[in-house]
Amino acid sequence: MEKTIIKVGLASCGIAAGAQEVYDRLEAYLAENPLPVQLKQTACIGMCFEEPVVELSGMPQGSITLGKVDADNIIPLINEYIQGGTPASHVILAENCDAPRNELLASQQRIVLSNCGVIDPTSLEDYEAQGGYEALRKALAMTPEDIISVVKDAGLRGRGGAGFSTGVKWSFARVAPGDKKYVVCNADEGDPGAFMDRSVLEGDPHKIIEGMIIGALAIGADEGYIYCRAEYPLAVHHLNIAIQAATAKNYLGQDILGSGLNFTLKVKEGAGAFVCGEETALMHSIEGKRGMPTIRPPYPSESGLWELPTNINNVETWANIAWILLHGAEEFRKMGTKDSPGTKVFALAGKVAGSGLIEVPMGINIRDIIYKVGGGMKSHLPFKAVQLGGPSGGCIPESLLDTLVDYESINATGAIMGSGGIVVMDTGTCIVDVARYFLNFTQNESCGKCTFCRLGTLRMLEILTRITEGKGEMEDLKRLEDLAVNINKSSLCGLGQSAPNPVLTTLRYFRDEYIAHIEEKRCPAKVCSALLSYRIVEDKCIGCTLCARVCPVNCISGSVKNPHVIDQELCIRCGECFKACKFDAIVRE
Amino acid sequence: MHKDHVNLDALIYKYRDQKGALIPLLQEVQDLEGYLNPDTMRYISAKLDIPVAEIYGVATFYSMFRLKPQGKHIIRICKGTACHVSDVDAIKTALMDYLKLGQGEDTTQDFRFTLVEVACLGCCSLAPVIMIDDHTYGKLTPDAIAGILDKYAY
Ligand SMILES: Cc1cc2nc3c(=O)[nH]c(=O)nc-3n(C[C@H](O)[C@H](O)[C@H](O)COP(=O)(O)O)c2cc1C
Ligand code: FES
């Protein structure tokens, strides 16, 4: 009899959606009912909007993936599969027949995510079965200089945001004088709205580790750190399991695979500070100090951790290395554009239907990402803007959706490629509120070292808050622009330098919306509560009294079965009545 | 001074010779005692010969460290972009109501819960999201809050 393999996606997104309950239910059921079935765990395949996701394979009808399963429906679903059927209602992917999400996966090109949602991330054997650690064996037979030239020729650019050539960076660390060097993986992923690195860390930790070992061989480092943010407990857990397994197999440790080379790797947990994603701050944090950025030069390649030569790369950058070594620079360059070769992983979130993780070749345009790969908008509200690059990035309007995804084209819009967070916004999102949101974020996260970053952002935040409260004046727009220029010029690190970007791009593309807030005291998206008012439509109100009961300040009066009225003087514009009314009798203006 | 030196001493001993160990040490001390109290920081300072100012500086720099006693369960509410545009503020209001927290308060009187804000929990596709201890809850509605919190007994 054929053996069915059941894989449950147990990444944090799956667990949050109830995947652990599904797994536990299956485990209990299989303990009582011995079936020809093997139960395994995997991580996130990227279709977070379909979580919990379960893949079934091994039967003649081919592998199928089910979405939105739960502990109650999973048992009949697997039984149907084991008996040779394909449960139509929950299939999202299928090997041998049409399924709703087949195209979504086919439109991607997966190097970094190739194993995510496919292998059990806690199993080294699973990783090896996919060709894992073959690149390391190949690298061990090469000279460090040759490894570096492959990475250089591939044209890989840092995926942490700035897009600096990885091969060139490695060569600096290689030639830096000194016997003791370090490699570091930046897994701080502080950018709110981005979760690419989390998925890779949770779903395929060995890929990052293999990349780091190869990097260490290339630059001559014998010690490495993965700096992972503490909000990712599952990632830290999987990394530690992977490091242990790799050490046991001598991929890590002393005299790696008999080569005479040594490399040990440790995970360092962050402690909650966005600025620690900046490389100099990150290294101070590893040293156990306050994570304050310092002036470069000296660059980490000359003087990094404990003032020794250090090479630091982002998670996704490291995850590209093994593939490049194995397939060569030329194959890598077949994907993407001339100046931005390869693929990029994006985290799609916000008001897009297919939120989750995707990996696409560079050079695709943003419209295709949202409408083809992402499946379009989630709600009935139309598209308004897309935010790229988080607090250092910007908001791009509809008219620029054909912008190509490569470092230079995105920079030209005023946004940045950033680490790959894409937050889609519909007309229900207020652009001024979004700008204020980001300023609030950078203001909070500023380490306080540079005056303009510390106080300039505070002034900008005050102005933006004033505008969202209807107390702004036209002169404020000029003040925002002046502050932006000065903060950018007088901040030491990228946090301050790029903090004004969300305001500058929204002022550039959505100036009308600022003006509506200032001159008309109106929030077109109906978000800024101080600019809204609520009114009861007399002939729609049946006098059910619900609104009067939910009102926290008792400003709604009226008797049963008679239309009610809101006292505008007392109303605090909380919107509770609007949400509660079942007869659409309350309007928000 | 300190009641329970044995566990604390064991932690200090564990990290004594490691470079850059202050942050993980403080994290474990916080796990042990619930927060970093001034006496503990002074004790660590004397034992490891690190100035108290440096320890205090680190403890106040990182948002994970708490200088006040905290509740048994930590609720982290996501203030990331995806959650912001998915109205996480309504979830926050529901949490504050349920926990009976006033403006500026973060810990319930019975020390059952502490509510903190974090930038992004990395589950943005399930926005709005909160995390209680190590468990993440997504696609929340204000109505779901009571049912979730009831599961966390004192
Ligand atoms: C405020 C700030 C936050 C940053 N956060 C991150 C981060 O979370 N992850 C990351 O990889 N790089 C981050 N960076 C970029 C790093 O400083 C650095 O450029 C990157 O780790 C280099 O790796 P790469 O060349 O592989 O991209 C941040 C930079 C700044 C200024
Ligand atoms: S924005 Fe809330 S989880 Fe990322």
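Chain identifiers are assigned alphabetically (A, B, ...) following the order of the sequence lines, protein sequences preceding nucleic acid strands; residue numbering begins at 1 within each chain.
- More than 12 heavy atoms of other residues, nucleotides or ligands lie within 6.0 Å of CG in B/Asp150, so this atom counts as buried by the packing criterion.
- Heavy-atom distances place both the backbone and the side chain of B/Ala119 under 4.5 Å from chain A.
- Side-chain atoms of B/Met64 and A/Glu269, non-hydrogen and from C-beta on, never get closer than 4.5 Å to each other.
- Heavy-atom distances place no part of A/Ala347 under 4.5 Å from chain B, backbone and side chain included.
- Around CD of B/Gln18, the count of heavy atoms belonging to other residues, nucleotides or ligands within 6.0 Å exceeds 12.
- The line from SG of B/Cys124 to CG of A/Leu357 is 9.5 Å long, rounded to the nearest 0.5 Å.
- Residue-environment remark: NZ (A/Lys180) exceeds the threshold of 12 foreign heavy atoms within 6.0 Å.
- Considering every non-hydrogen atom in both B/Cys120 and A/Pro192, the closest pair reads CB-CA, 3.5 Å.
- Looking only at distances, a side-chain donor or acceptor of A/Lys268 sits under 3.5 Å from a matching main-chain atom of B/Gly20.
- For A/Phe274, no part sits under 4.5 Å from any heavy atom of chain B, backbone or side chain.
- Shortest non-hydrogen contact noted between B/Ser125 and A/Phe195 is OG-CZ, 3.9 Å.
- When all heavy atoms of B/Phe61 and A/Val275 are compared, the closest pair comes out as CZ-CG1, 3.9 Å.
- The part of A/Phe441 that comes within reach of chain B is its side chain, from C-beta onward, which places non-hydrogen atoms under 4.5 angstrom from that chain.
- A distance of 6.5 Å separates SG in A/Cys48 from CG in B/Leu126, rounded to the nearest 0.5 Å.
- Within 6.0 Å of NZ in A/Lys526 there are 12 or fewer heavy atoms belonging to other residues, nucleotides or ligands.
- A side-chain donor-acceptor contact under 3.5 Å links A/Tyr437 to the backbone of B/Thr81.
- Here the side chains of A/Lys289 and B/Ile23 are not in contact, with every heavy-atom distance at 4.5 Å or above.
- One finds the CD atom of A/Glu445 at 6.5 Å from the OG atom of B/Ser63 (value rounded to the nearest 0.5 Å).
- Using a 4.0 Å cut-off between charged nitrogen and carboxylate oxygen, A/Glu51 and B/Lys139 do not count as a salt-bridge pair.
- Within the 4.5 angstrom heavy-atom criterion, only backbone atoms of A/Ala194 (N, CA, C, O) approach chain B.
- The main-chain N or O of B/Val85 is found under 3.5 Å from a side-chain atom of A/Lys351 such that the two form a donor-acceptor pair.
- For A/Cys44, no part lies under 4.5 angstrom from a heavy atom of chain B.
- For the pair A/Arg290 and B/Val58, the tightest heavy-atom approach, listed with the atom from each and the gap, is N-CG2, 3.9 Å.
- Remark: B/His84 NE2 to A/Asp433 CG distance equals 3.5 Å, nearest 0.5 Å.
- Of all heavy-atom pairs between B/Asp134 and A/Pro233, the closest is OD1-CG, 3.9 Å.
- For A/Met196, no part lies near chain B; criterion is any non-hydrogen pair under 4.5 Å.
- With a 4.5 Å cut-off on non-hydrogen atoms, A/Ile15 touches chain B through its backbone and its side chain both.
- For chain B, no part of A/Ser199 is nearby; none of its heavy atoms comes within less than 4.5 Å.
- Within a 6.0 Å radius of OH in B/Tyr98, other residues, nucleotides and ligands contribute more than 12 heavy atoms.
- For B/Lys100, the NZ atom counts as loosely surrounded, since its 6.0 Å shell holds 12 or fewer non-hydrogen atoms of other residues, nucleotides or ligands.
- Between B/Tyr62 and A/Cys276, the closest heavy-atom pair is CE2-SG, 3.6 Å.
- Considering only heavy-atom pairs separated by less than 4.5 Å from chain B, the leading option among A/Gln387, A/Glu189, A/Arg229 is A/Arg229.
- For the options A/Ser285, A/Ala230, A/Pro391, heavy-atom pairs under 4.5 Å to chain B are most numerous at A/Ser285.
- Interface summary for chain B: among A/Gly288, A/Gly272, A/Ala271, the most heavy-atom pairs under 4.5 angstrom belong to A/Ala271.
- Here the NZ-CD1 distance, from B/Lys19 to A/Ile286, works out to 10.5 Å after rounding to the nearest 0.5 Å.
- For the set A/Gly190, A/Gly291, A/Gly350, A/Ala273, the entry with the most heavy-atom pairs within less than 4.5 Å of chain B is A/Gly291.
- Both the backbone and the side chain of A/Ser12 have a heavy atom closer than 4.5 Å to some heavy atom of chain B.
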